[in-house]
> 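Take this structure first; my questions come after.
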Number of protein chains: 2
Amino acid sequence: MDRRQQKTRDAIFRAFSSLLETKRYGNITVQEIIDEANIGRSTFYAHFDTKDELLKAMCTNLFSHVFSDELISEKTHDFSGTNNGLEARLSHILHHLKDSEKDMVGILSCESGELFMKYFKEYLSEMFSRYLSEIKVNAPADFILYHLSGSFAETVKWWIDHKMKCTPEETARYYMEVSCIAGITGTDE
Amino acid sequence: MDRRQQKTRDAIFRAFSSLLETKRYGNITVQEIIDEANIGRSTFYAHFDTKDELLKAMCTNLFSHVFSDELISEKTHDFSGTNNGLEARLSHILHHLKDSEKDMVGILSCESGELFMKYFKEYLSEMFSRYLSEIKVNAPADFILYHLSGSFAETVKWWIDHKMKCTPEETARYYMEVSCIAGITGTDE
DNA sequence: ATGATAATGAACAATATGTTCGGTAAATGT
DNA sequence: ACATTTACCGAACATATTGTTCATTATCAT
């Protein structure tokens with residue numbers, strides 16, 4: 001990719017991220033992003049058609065990082081043996097999220113949080129579905145999946161709202177405590 | 001309250017609700033609400049300073065209805081005896097929500113859902129706090145509360161996304177199944 | 001060096017915002 | 001029934017945002 005594109009793209013992301021720290025997504029205008037990023041009007045629209053697409057791109061960036069281990073371990077199928085249980089995996093995800101703390105706090109602010117959570121849950125749902133067969137709960141499978149993804153996403157939100165003061169391990173522990181999957185280890189087969 | 005006020009207020013609510021059926025909250029303009037409600041520009045601003053306040057007012061309306069039994073039973077303290085357990089209470093809330101199905105679907109659409117959920121969880125959190133002492137889970141109390149409110153709100157969302165095809169009772173049952181409060185009855189004392 | 005690609009900035013029409021104000025119609029209460 | 005209060009209207013207003021276009025300039029890749 002052209003260095004110039006990368007540069008402006010980064011500038012836009014940074015500007016957006018910075019604005020999210022002080023304003024709600026819905027109240028941020030394209031104009032402000034342009035001003036903050038210090039780029040030309042037409043340049044912005046050359047990169048993103050809408051504000052929503054910018055947010056989506058940002059989330060995708062983040063998740064591709066956060067879930068990168070997931071994808072790798074899925075591909076190499078080497079997560080069956082050692083300490084790759086569900087709880088450890090959740091800790092892992094939280095660790096990655098902590099790396100992006102600054103962005104997270106902003107993105108999760110109110111309205112944009114809705115979109116973020118939506119995308120986040122999609123990733124989570126896919127992950128949890130691998131454990132579904134182990135779960136013995138008398139409810140529809142899609143409800144269980146919805147619940148697990150949703151409540152873990154909520155856990156992350158709680159964690160961030162509390163300035164990530166707990167360690168990822170503690171947080172993952174709490175989630176397991178409160179979840180109906182307490183018995184699941186994910187270390188089967 | 002002046003009949004005229006009530007009339008325009010209703011018109012605004014109806015217009016807003018109707019718009020939410022086809023558009024996302026963030027993409028709805030005040031202008032559209034004005035046109036749909038067929039009122040004067042200044043009239044809208046005489047009622048609501050911002051779009052957010054309109055949404056908030058709508059949510060408050062809804063919840064005061066949905067949680068009305070809650071408040072009554074709390075006041076009269078007569079929910080200790082018979083079938084007033086937690087599960088029954090949750091069913092009750094779902095029943096009330098079903099009455100407002102049309103509004104719900106709209107409000108929950110994406111961005112506005114975030115605000116709706118926020119307000120909803122505040123009510124739920126207050127309700128769940130009454131059961132907190134009974135819950136034996138090794139995690140911070142505020143986390144548990146956050147989790148219970150959040151996951152029940154998510155349950156409602158799931159329910160609505162599925163066109164409320166399950167009965168409120170089934171839905172409440174699923175929630176209890178999947179929740180860490182399965183043992184709680186709420187019929188103590 | 002040069003052709004290709006990206007950023008610029010200004011200008012554009014179209015729309016949205018939030019406010020003001022005199023006039024009109026309807027409600028209230030006595 | 002009447003006078004008074006109150007709400008609505010609608011037009012006009014300055015201001016801001018949006019999304020697009022285009023000619024110009026700067027930067028990149030090779």
Side-chain angles (χ1 to χ4, degrees), chain A residues 1-61 106-107 109-115, chain B residues 1-61 106-107 109-115:
Chain A
M1 191 186 227
D2 197 308
R3 278 185 225 138
R4 290 169 296 180
Q5 275 190 70
Q6 198 57 256
K7 215 187 79 192
T8 45
R9 210 180 153 84
D10 284 352
I12 292 173
F13 279 151
R14 255 182 294 111
F16 188 46
S17 176
S18 144
L19 286 167
L20 277 171
E21 283 172 34
T22 51
K23 304 190 65 171
R24 290 222 328 254
Y25 173 73
N27 297 332
I28 294 173
T29 65
V30 175
Q31 190 58 53
E32 286 173 308
I33 300 171
I34 288 167
D35 291 341
E36 179 76 21
N38 199 31
I39 57 167
R41 175 158 207 72
S42 45
T43 309
F44 177 88
Y45 285 106
H47 282 260
F48 303 100
D49 283 344
T50 64
K51 219 174 52 174
D52 279 2
E53 280 191 27
L54 166 57
L55 177 62
K56 188 166 191 167
M58 212 164 174
C59 289
T60 304
N61 260 7
I107 291 177
S109 79
C110 218
E111 292 165 3
S112 53
E114 179 80 357
L115 286 168
Chain B
M1 190 187 226
D2 197 310
R3 277 186 226 136
R4 287 169 298 177
Q5 275 192 69
Q6 198 57 257
K7 216 187 76 191
T8 44
R9 211 181 151 82
D10 284 353
I12 291 173
F13 280 152
R14 255 182 292 111
F16 187 47
S17 175
S18 145
L19 285 167
L20 277 169
E21 283 171 35
T22 50
K23 302 190 68 171
R24 288 220 331 252
Y25 174 74
N27 296 331
I28 293 173
T29 65
V30 175
Q31 191 59 54
E32 285 173 308
I33 299 170
I34 288 168
D35 292 341
E36 179 76 21
N38 199 34
I39 57 167
R41 175 159 206 70
S42 48
T43 308
F44 176 88
Y45 285 106
H47 282 261
F48 303 100
D49 284 344
T50 64
K51 220 174 52 175
D52 278 3
E53 280 192 28
L54 166 57
L55 177 60
K56 188 167 191 167
M58 212 164 176
C59 289
T60 303
N61 260 6
I107 291 177
S109 80
C110 217
E111 292 165 5
S112 54
E114 179 80 358
L115 287 168

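Below, each value reflects all heavy atoms present in this structure, side chains not excepted, and no hydrogens, waters or symmetry copies. The chains referred to below are lettered A, B, ... by the order of the sequence lines, with proteins before strands, and numbering in each begins at 1.
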> Does a side-chain N or O from B:His47 land closer than 4.0 Å to OP1 or OP2 of D:dC8, or not?
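True: B:His47 side-chain N/O within range (under 4.0 Å) of D:dC8 OP1/OP2.
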> Tell me whether A:Lys56 at atom NZ has more than 12 heavy atoms from other residues, nucleotides or ligands lying less than 6.0 Å away.
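Open: at most 12 neighbouring heavy atoms sit under 6.0 Å from NZ of A:Lys56.
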> Once you round to the nearest 0.5 Å, how far does CD1 of B:Ile28 lie from CG of B:Leu19?
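Rounded to the nearest 0.5 Å, the CD1-CG separation comes out at 5.0 Å.
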> If a pair satisfies salt bridge (charged side-chain N to carboxylate O under 4.0 Å, His left out) and one of its residues is in residues 8-17 of chain B, list it, with sequence neighbours excluded.
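Not a single pair qualifies under salt bridge (charged side-chain N to carboxylate O under 4.0 Å, His left out).
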> What is the distance from CG of A:Asp35 to C1' of C:dG9, rounded to the nearest Å?
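Rounded to the whole Å, the gap is 13 Å.
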> Do any N or O atoms of the protein come closer than 3.5 Å to N or O atoms of nucleotides 23-26 of chain C, and which pairs are they?
unit_1	atom_1	unit_2	atom_2	d
C:dA26	N3	B:Arg4	NH1	3.2

> What is the distance, rounded to the nearest whole Å, between atom CZ of B:Phe44 and atom C1' of C:dT20?
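So the CZ-C1' distance, B:Phe44 to C:dT20, works out to 18 Å.
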> A:Gln6 CD to C:dA7 P: how many Å, rounded?
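Answer to the nearest Å: 11 Å.
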> In the 5'-to-3' direction, what one-character label does each nucleotide of nucleotides 15-22 of chain D receive under the scheme B = base within less than 4.0 Å of a protein heavy atom, S = sugar-phosphate only, - = no such atom?
--SBBBB-
> Nearest-Å distance, CZ (B:Phe48) to C1' (C:dG18)?
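Spelled out: CZ on B:Phe48 to C1' on C:dG18 is 16 Å.
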> Can you measure B:Ile34 atom CD1 to C:dT19 atom C1' for me and round it to whole angstrom units?
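Computing the B:Ile34:CD1 to C:dT19:C1' distance gives 12 Å.
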> Apply side chain to side chain contact (heavy atoms under 4.5 Å, CB included) to B:Leu54 and B:Phe13, showing your working.
CA-CA 8 Å; B:Leu54 166 57; B:Phe13 280 152; 3.5 Å; yes
> In terms of ring plane angle, is the pair B:Phe16 and B:Tyr25 parallel, tilted or perpendicular, where the classes change at 30° and 60°?
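Plane angle over 60°, so perpendicular.
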> Looking at residues at least two apart in the chain, or sitting in another chain, which of them share a salt bridge (charged side-chain N to carboxylate O under 4.0 Å, His left out) with A:Arg4?
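Salt bridge (charged side-chain N to carboxylate O under 4.0 Å, His left out) list for A:Arg4, sorted by chain: A:Asp2.
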> Taking CG from A:Asp2 and C1' from C:dA4, how many angstroms apart are they, rounded to a whole number?
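Rounded to the whole Å, the gap is 10 Å.
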> Could you give the CD-to-P distance, from A:Gln5 to C:dT8, as a whole number of Å?
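That distance rounds to 12 Å.
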> What verdict does the side chain to side chain contact (heavy atoms under 4.5 Å, CB included) test give for B:Glu53 and B:His47, after you've listed the backbone C-alpha separation in whole Å, the side-chain angles of each residue and the deciding distance to 0.1 Å?
CA-CA 9 Å; B:Glu53 280 192 28; B:His47 282 261; over 6 Å; no
> Output a table of donor-acceptor pairs, distance under 3.5 Å, between side-chain atoms of residues 30-37 of chain A and any protein atom two or more places apart or on a different chain; print 'none' if there are none.
unit_1	atom_1	unit_2	atom_2	d
A:Gln31	OE1	A:Arg41	NH1	3.1
A:Gln31	NE2	A:Asp35	OD1	3.3
A:Glu32	OE1	A:Lys23	NZ	3.2
A:Glu32	OE1	A:Thr29	N	2.9
A:Glu32	OE1	A:Thr29	OG1	3.4
A:Glu32	OE2	A:Lys23	NZ	2.7
A:Glu36	OE2	A:Ser18	OG	3.4

> CZ of B:Phe44 to OG1 of B:Thr50: how many Å apart, nearest 0.5 Å?
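OG1 of B:Thr50 is found 7.5 Å from CZ of B:Phe44.
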> Rounded at 0.5 Å granularity, tell me how far CD1 in A:Ile12 sits from CG in A:Asn38.
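Atom-to-atom, A:Ile12:CD1 and A:Asn38:CG are 11.5 Å apart.
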> Using 0.5 Å steps for rounding, measure from the CG atom of A:Leu20 to the CG atom of A:Asn27.
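One finds 11.0 Å between CG of A:Leu20 and CG of A:Asn27.
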> Where are the stems of DNA chain C, defined as at least 3 consecutive Watson-Crick or wobble G-U pairs with both distances under 3.5 Å?
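For DNA chain C the paired stretches long enough to count as stems (3 pairs minimum) are C:1-11 with D:20-30, C:13-17 with D:14-18, C:19-30 with D:1-12.
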> Between B:Lys23 (NZ) and C:dA16 (C1'), how many Å, whole number?
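Distance, rounded to whole Å: 12 Å.
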